[in-house]
Amino acid sequence: MLSTIAPVSRTGKHERSPLLTNAREALRSSLLEWYDRAGRSLPWRVRPEDRAAGVAPDPYAVWVSEIMLQQTTAQHAAPYWRAFLRRWPTVRDLADAPREEVLAAWAGLGYYARARNLHACAQTVANERGGVFPQSLEDLRALPRVGEYTSNAIRAVAFDKPASVVDGNVERVLTRMTAMQTPLPGARLEIRVLAAELASPVRPGDYAQAIMDLGAVVCTPKSPRCSACPWSAWCAGRRTGHPARFPLRQKKKSRPVRWGVCFHVTGQGRIWLRRRPETGLLGAMMELPGTGWTDSAPDPTEIDKACPFEADWRRAGRVRHVFTHFSLELEVICAAAPEGWRPDVGGWVPLTGIDQAGLPSVMMKAVRLGLETRPV
DNA sequence: AACTCGTGGAA
DNA sequence: TTTCCAAGAGT
């Protein structure tokens, strides 16, 4: 008769489970066995056989990957990681790079505070730590954009030191394993305690990647492949018959709509762009100049006030873009720059190679839409 | 604690 | 179409 792991009480107090104590070693070894056999390949990963042969990961490469992977799929992040590592092979190279180039290289990846902090962190490590990443959780945690998860991930993956990673995958795996009744995000403390007890002191780097792989490949959000799971025998979620119901979640707020207008001004094969404010949404990234984004349809007088010059403005249409906490309806209106007109803010950017100009996705959509109406 | 902060793939 | 949600952090 196989046992399941007992759930933790709603109060967050840990009811020490003898089953966990007894099963812990079996869970660890079966997961590592599965990981070795699965052989999942990721560009930043040192394969378990290579690690066993003494190949040490490059902490810089691991750090870049972990920042990119925050709330981002491996598939989306992979080409960016390759481009960054090829262009800036060491933390010193990244620290010495002009900031606009780093931001432009990040364009399209989202959460742009990550790019600003990546550059700042590279300069901290290069200039104040001789280019060497710290190994302690405390020192890692002090670096910009390195939080609870990322500090543990770097410590485990890069240095193969004992650490407990809790990302979205681990949350899903462990809430299913225990059929946890506490909804997220309130369950985070229970999950952290459970994850820490389970984390392996043996091959900590491989274990950390293995438990995340398990969530990414087997214990998937919609249709978990329990028959392929090394932990299925211990899984309380599977025994409920509906493992995909876990983790339970609090209801989410609905997403409001905001509206704005932007000006697509072209001339001599160039387009007018400006840089956004340092902080906030799309902070420090390039954009098409326009009105602010408001929670009601654009006011004609506001459009007039933001309008750079009198012209035969043509509507290109609307870009619909979904951000995390609101969606945007962005009206794009086009005109050719009048003879002799010069932008007071921002400047001209050649349309050839606009893909490399460092525009975030929403602005790239607006540029393309405008070009359909006014080809240049 | 509850918000803010992007994007794109999957179902 | 809508909804979910990715190797989360900062405030």
Side-chain angles (χ1 to χ4, degrees), chain A residues 40 42-45 62-81 103 106-118 120-121 140-158 163-174 184-186 188-189 191-192 195 205 207-217 219-223 244-245 247-258 276-285 287 293 319-328 359-365:
Chain A
R40 186 177 182 221
L42 293 172
W44 44 83
R45 175 168 295 177
V62 172
W63 162 69
V64 173
S65 77
E66 291 298 344
I67 301 297
M68 287 184 172
L69 288 165
Q70 289 169 4
Q71 296 289 284
T72 305
T73 59
Q75 184 166 3
H76 192 189
Y80 286 84
W81 184 86
L103 296 183
W106 196 276
L109 200 50
Y111 286 141
Y112 297 98
R114 293 186 295 172
R116 304 194 299 272
N117 286 326
L118 188 83
C121 184
L140 284 167
R141 185 76 174 70
L143 297 171
R145 199 66 196 191
V146 176
E148 175 74 21
Y149 161 78
T150 306
S151 54
N152 280 276
I154 294 174
R155 181 167 163 81
V157 174
S164 174
V165 294
V166 181
D167 69 338
N169 291 306
V170 174
E171 287 179 351
R172 186 169 57 254
V173 168
L174 295 184
L184 285 173
R188 295 248 155 88
L189 179 58
I191 296 169
R192 196 175 311 151
Y207 175 89
Q209 293 177 91
I211 191 171
M212 292 189 284
D213 269 19
L214 189 64
V217 175
C219 197
T220 53
K222 298 278 174 67
S223 301
R245 290 183 182 174
L248 275 47
R249 291 181 190 277
Q250 284 184 351
K251 272 183 294 191
K252 288 165 186 164
K253 277 177 51 180
S254 63
R255 209 192 313 263
V257 181
R258 292 183 189 168
R276 290 176 61 85
E278 174 68 14
T279 57
L281 191 72
L282 308 177
M285 300 300 288
E287 69 169 357
W293 301 344
V319 166
R320 166 172 289 166
H321 193 78
V322 179
F323 294 98
T324 304
H325 56 289
F326 70 93
S327 52
L328 177 68
L359 288 168
S361 294
V362 59
M363 293 300 160
M364 204 62 227
K365 286 186 195 174

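Letters go in sequence order (proteins before strands), and every chain restarts at 1.
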Atom pair CG/CG of A:L184 and A:L248 - distance to nearest 0.5 Å:
8.5 Å

Within the structure shown, what part of the strands sits under 4.0 Å from A:R249 by heavy-atom distance: base, sugar-phosphate, or nothing?
sugar-phosphate

Rounded to the nearest 0.5 Å, how far does CG of A:L42 lie from CE of A:M212?
10.0 Å

When the distance from CD of A:E287 to P of B:dG6 is rounded to whole Å, what number comes out?
13 Å

Start and end of the DNA chain C segment that chain A contacts, any atom under 4.0 Å from a heavy atom
C:dC5 to C:dG10

Salt-bridge criterion met for A:R172 and A:D167 (N-O under 4.0 Å):
no

Counting any heavy atom closer than 4.0 Å, what does A:L42 reach on the DNA or RNA strands: base, sugar-phosphate only, or nothing?
base

Using a heavy-atom cut-off of under 4.0 Å over every strand shown, decide if A:R141 touches base, sugar-phosphate, or nothing.
sugar-phosphate

Mapping A:Q250 and A:G280 to their closest nucleotides on DNA chain B, which lands nearer the 5' end?
A:Q250

What contact category does A:D213 fall into here, base, sugar-phosphate, or nothing, at under 4.0 angstrom with non-hydrogen atoms?
base

Just to be sure I understand the rule, does A:R40 reach a base, reach only the sugar-phosphate, or reach nothing, if contact means heavy atoms closer than 4.0 Å?
base

If I take atom CZ in residue A:R276 and atom P in nucleotide B:dG6, what distance separates them, rounded to the nearest angstrom?
9 Å

Contacts under 3.5 Å, N or O only, protein and nucleotides 7-11 of chain B:
from: B:dT7; atom 1: OP1; to: A:Y112; atom 2: OH; distance (Å): 2.7
from: B:dT7; atom 1: OP1; to: A:S361; atom 2: N; distance (Å): 2.7
from: B:dT7; atom 1: OP2; to: A:H321; atom 2: NE2; distance (Å): 2.6
from: B:dT7; atom 1: O3'; to: A:S361; atom 2: OG; distance (Å): 3.1
from: B:dG8; atom 1: OP1; to: A:S361; atom 2: OG; distance (Å): 3.3

Taking atom P in both C:dT11 and B:dG6, what distance in whole Å separates the two?
14 Å

What's the spacing between A:H76 NE2 and A:L69 CG if we round to 0.5 Å?
11.5 Å

Which is true for A:P144 with a 4.0 Å heavy-atom rule: it touches a base, it touches only sugar-phosphate, or it touches nothing?
sugar-phosphate

Shortest non-hydrogen pair, A:A284 vs A:L103, comes out as O-CD1, 3.5 Å

Honestly, is A:R276 close enough over A:W293, meaning NZ or CZ under 6.0 Å from the six-membered ring centre and within 45° of the axis?
yes

If I pick the C1' atom on C:dA7 and the same atom on B:dC3, what distance separates them, to the nearest angstrom?
22 Å

Could you tell me whether A:T150 contacts a base, only the sugar-phosphate backbone, or nothing, with contacts defined as non-hydrogen atoms closer than 4.0 Å?
sugar-phosphate

Atom CZ of A:F326 and atom P of B:dG6 are separated, to the nearest Å, by 9 Å

Taken in chain and number order and not counting sequence neighbours, the residues that satisfy ring pair (Phe, Tyr, Trp, His ring centres under 6.0 Å) with A:Y111 are none

Working to the nearest 0.5 Å, report the span between CG of A:L214 and CG of A:N169.
8.5 Å

Between A:E148 and A:K252, whichever has its closest DNA chain C nucleotide further toward 5' is A:K252

Distance (rounded to the nearest 0.5 Å) between A:L281 CG and A:R258 CZ
8.0 Å

